[in-house]
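All values reported here derive from a predicted model rather than from experimental measurement.
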Amino acid sequence: MRIVYDPELDVAHLLFDEGAAVAPVRGEVSGVPAGGYVDAEYDAEGRLVGLEVLGAQRVLPPEVLAGAEPA
């Protein structure tokens, strides 16, 4: 898994399968704390290949963001 984080926009992208072609199908993930938003990204076969996290500081632990690659 690869994590890329843009602190200016407070957006993190968690990539599970970088080789997969992401289909334009996205779904909001429920149960996210207020001020955060998570989109699930799927490939053409419907497999989860990544997550995009807006308001990442509200959703992800600080140690995860500290270890992320810069965007």
Side-chain angles (χ1 to χ4, degrees):
M1 179 174 69
R2 181 174 161 218
I3 302 172
V4 179
Y5 178 58
D6 183 336
E8 187 174 313
L9 298 175
D10 195 22
V11 174
H13 199 175
L14 289 71
L15 304 164
F16 305 124
D17 186 355
E18 292 186 69
V22 177
V25 177
R26 292 183 149 197
E28 181 181 350
V29 176
S30 63
V32 177
Y37 185 85
V38 178
D39 269 337
E41 300 173 336
Y42 300 91
D43 67 10
E45 285 80 40
R47 293 179 295 230
L48 180 66
V49 295
L51 296 172
E52 183 177 45
V53 183
L54 300 127
Q57 291 182 15
R58 293 181 179 99
V59 178
L60 299 172
E63 58 272 12
V64 170
L65 297 177
E69 296 176 30

Checklist entry - Under 6.0 Å from the CD atom of Glu69, do we count more than 12 heavy atoms belonging to anything else shown? => result yes
At their closest point, which heavy atom of [X] faces which heavy atom of [Y], and how far apart are they?
X: Glu52; Y: Glu41; answer: CB-OE2, 4.2 Å
X: Leu65; Y: Ala12; answer: CD2-CB, 4.2 Å
X: Ala40; Y: Leu51; answer: CA-CD2, 3.7 Å

Checklist outcome for this item: Given the options Leu60, Val4, Val38, Val64, Leu14 meets side chain to side chain contact (heavy atoms under 4.5 Å, CB included) only with Leu60
Item to check | Within-4.5 Å side-chain heavy-atom neighbours: Val53 and Tyr5 | outcome: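 Of all side-chain heavy-atom pairs linking Tyr5 with Val53, none is under 4.5 Å.
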Checklist entry - Is there a donor-acceptor pair under 3.5 Å between the side chain of Asp43 and the backbone N or O of Val49? => result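 Answer holds: no.
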Checklist entry - Under a single-linkage definition using a 4.5 Å side-chain heavy-atom cutoff for Ile, Leu, Val, Met, Phe, Trp and Tyr, are Phe16 and Ile3 assigned to the same hydrophobic cluster? => result yes
